[in-house]
Amino acid sequence: MSTRRAFLRTASAGSLAALAAFQDDGLQRVAEATTAVAGRAPDEVARDEDFWREVQQAFTLDRTLTNLNNGGVCPSPRVVLEAQKRYLDIANQAPVHYMWRGLEPGIESVRTQLAELLDCDREEVAITRNASESLQICQLGLDLKPGDEVVTTTHDYPRMLDTWEQRVRREGITLTRVPFPVPPKQSELVSLVERAITPRTKVVHLCHVTNLSGHIFPVREICDLARARGIRTIVDGAHAFAHFPFRIADLGCDYYGVSLHKWLLAPVGTGLLWMRRDLIKDTWPLQPAGVKLTEDIRKFEEIGTHPAATHNAIAEAVAFHQTIGTERKLARLRYLRDRWVNRLTALPNVRMNTDLSPAVSCGLANARVLGVDSGRLGEHLWDRHRIIVVPIKHAPPANAWRAPEHRDTDFAWEGIRVTPNVYTMLEEVDRFADAVEAVARKGAP
């Protein structure tokens, strides 16, 4: 059910008057464009610029800059932004009534829609504010005692590593961080994690897609080996959900956290937590909840007064995502990635930090121009061309766990992370490739 139809069931006359001004904000044009390409293969649609022009026009953007950092926070299409504004206007008439009685119940519709995307039980889905909150609920909600061990990687998100480090300082748990080469092999990742596990290991924490290089981890294999040893698994899905299709059941994990303001294009400050239903009871919420919610996924949403408008507008992001279609979206993201990658890898001094095989990467990729400082390259792209990328310089900490054969291996690497999205124009990708190609040939000015 759309957000509009769901709200009509509970809205007052004043609210209905506000909704009378509803505009389709580009969604209708995208729907019509989708109808026109029905039956065509996703890879063919990925190259159809007429179709993607309609998608691009559904956004309100600043085209004086080229945003290739959609892996950070994505802009929402107008239909999502206008829904959020509309709900805020309605709530502000009398928040004590409209927010709690009129809008707040909409979270249940959103829960159902997100569960359908994950193909899971709606009673396993909590609506949060971002992936960090979702993952910290799991990280801080598990009962661990001094000496218990958590195994993760040096490529996991810094905020999540900081969370574990706090438990190390505060409670005396042990954190084992596993470094690996870039780009890695799937079998190597599984082997390294397995060899880092000890009898004291209680949790394995890993990314579904690492934010640094875009590598898709062999999540199922790692989760299976952990479960066989009675170890809980927490998966950071911030860069996977709505980026490419998957079923949560196929991952075999215990906990999964997502930021919806990335690839789903939902409002900033929205996230999702999936948790195996049998684990809800014994997982503590970040903020205390009443005992009656002990076995209810909603206990993880108990954060006090908050804007219902934000989470209700997620429903429009789901509708927009489904209108385009996950397979078409994936094909387009790979097409945009390959457009710049094929140009730059033709140069002898450009190295890819991302394995471009379809099984292990999608729209997020990382490349390095040898002999050019990646931070300086990022500054040059912004200062001269108004192109936004993410310079990354990564080196594992000195106390990271190492396999015997890696005792003397230098795992330090650098590059620029590039993440286009469905509103990105070919001209923008080409402008980026032109700029980097010039630096690769002549050096940074």
Side-chain angles (χ1 to χ4, degrees), residues 49 52-53 56-57 59-77 81 155 157-159 182-183 209-215 238-239 243 259 261-263 265 268 332-354 356 361-395 412-445:
E49 291 309 301
W52 295 102
R53 290 285 178 184
Q56 290 154 5
Q57 290 303 308
F59 290 79
T60 302
L61 303 167
D62 180 358
R63 292 288 184 185
T64 68
L65 56 82
T66 298
N67 181 12
L68 296 179
N69 181 21
N70 289 283
V73 180
C74 292
S76 295
L81 188 59
H155 286 229
Y157 195 62
R159 185 166 177 81
V182 173
V209 179
T210 171
N211 79 95
L212 300 179
S213 66
H215 189 84
H239 284 285
H243 186 171
S259 283
H261 50 240
K262 293 184 186 289
W263 301 98
L265 311 174
V268 174
R332 178 63 174 184
L333 293 173
R334 282 200 173 124
Y335 176 67
L336 294 173
R337 179 200 67 184
D338 291 346
R339 178 115 175 164
W340 68 266
V341 164
N342 290 339
R343 283 188 55 184
L344 297 186
T345 53
L347 302 172
N349 59 334
V350 173
R351 173 191 170 182
M352 289 304 302
N353 293 318
T354 303
L356 302 175
S361 67
C362 292
L364 189 160
N366 188 306
R368 180 184 182 185
V369 179
L370 299 178
V372 176
D373 180 83
S374 297
R376 178 72 188 94
L377 176 56
E379 292 174 358
H380 168 74
L381 290 173
W382 173 247
D383 293 341
R384 185 67 61 86
H385 303 282
R386 310 312 267 181
I387 296 172
I388 305 173
V389 297
V390 181
I392 289 173
K393 295 184 179 182
H394 178 78
W413 60 278
E414 66 174 87
I416 56 171
R417 190 187 76 182
V418 182
T419 49
N421 211 309
V422 293
Y423 66 80
T424 305
M425 302 166 67
L426 284 187
E427 301 95 298
E428 293 174 314
V429 174
D430 291 343
R431 191 177 305 128
F432 162 74
D434 287 342
V436 177
E437 187 177 66
V439 170
R441 293 185 186 280
K442 303 174 185 177

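- For R337 (side chain) and C362 (main-chain N/O), a donor-acceptor pair under 3.5 Å exists by modelled atom type.
- Counting all heavy atoms, side chain and backbone alike, L61 lies closest to P75 at CD2-CG, 3.7 Å.
- Interatomic distance, I392 CD1 to N211 CG, rounded to the nearest 0.5 Å: 6.0 Å.
- Residue pairs meeting the side chain to side chain donor-acceptor pair (under 3.5 Å) criterion with at least one member in residues 379-393, sequence neighbours excluded: D373-K393.
- Listed by chain and number, the residues in a side chain to side chain donor-acceptor pair (under 3.5 Å) with H243 amount to none (sequence neighbours excluded).
- Here the CG-SG distance, from N69 to C74, works out to 8.5 Å after rounding to the nearest 0.5 Å.
- Side-chain atoms of S259 never come within 3.5 Å of backbone atoms of H261 as a donor-acceptor pair (strictly under, hydrogens ignored).
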Step by step, would you call N353 with R368 a side-chain hydrogen bond (donor to acceptor under 3.5 Å, both in side chains)? CA-CA 7 Å; N353 293 318; R368 180 184 182 185; over 6 Å; no

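- Judged as a side chain to side chain donor-acceptor pair (under 3.5 Å), and not counting sequence neighbours, the contacts of N70 are Y423.
- Between E414 and V372, the closest heavy-atom pair is OE2-O, 3.8 Å.
- Among residue pairs with one or both ends in residues 422-444, those qualifying as salt bridge (Lys or Arg N to Asp or Glu O under 4.0 Å) are R53-E427, R63-E428, R339-D430, R343-D434, R343-E437, E437-R441; sequence neighbours excluded.
- In this structure, the side chain of K262 engages the main chain of G72 through a donor-acceptor pair within 3.5 Å.
- The ring pair (Phe, Tyr, Trp, His ring centres under 6.0 Å) test applied to W340 returns F432, not counting sequence neighbours.
- In this structure Q56 satisfies the side chain to side chain donor-acceptor pair (under 3.5 Å) test with no other residue, sequence neighbours excluded.
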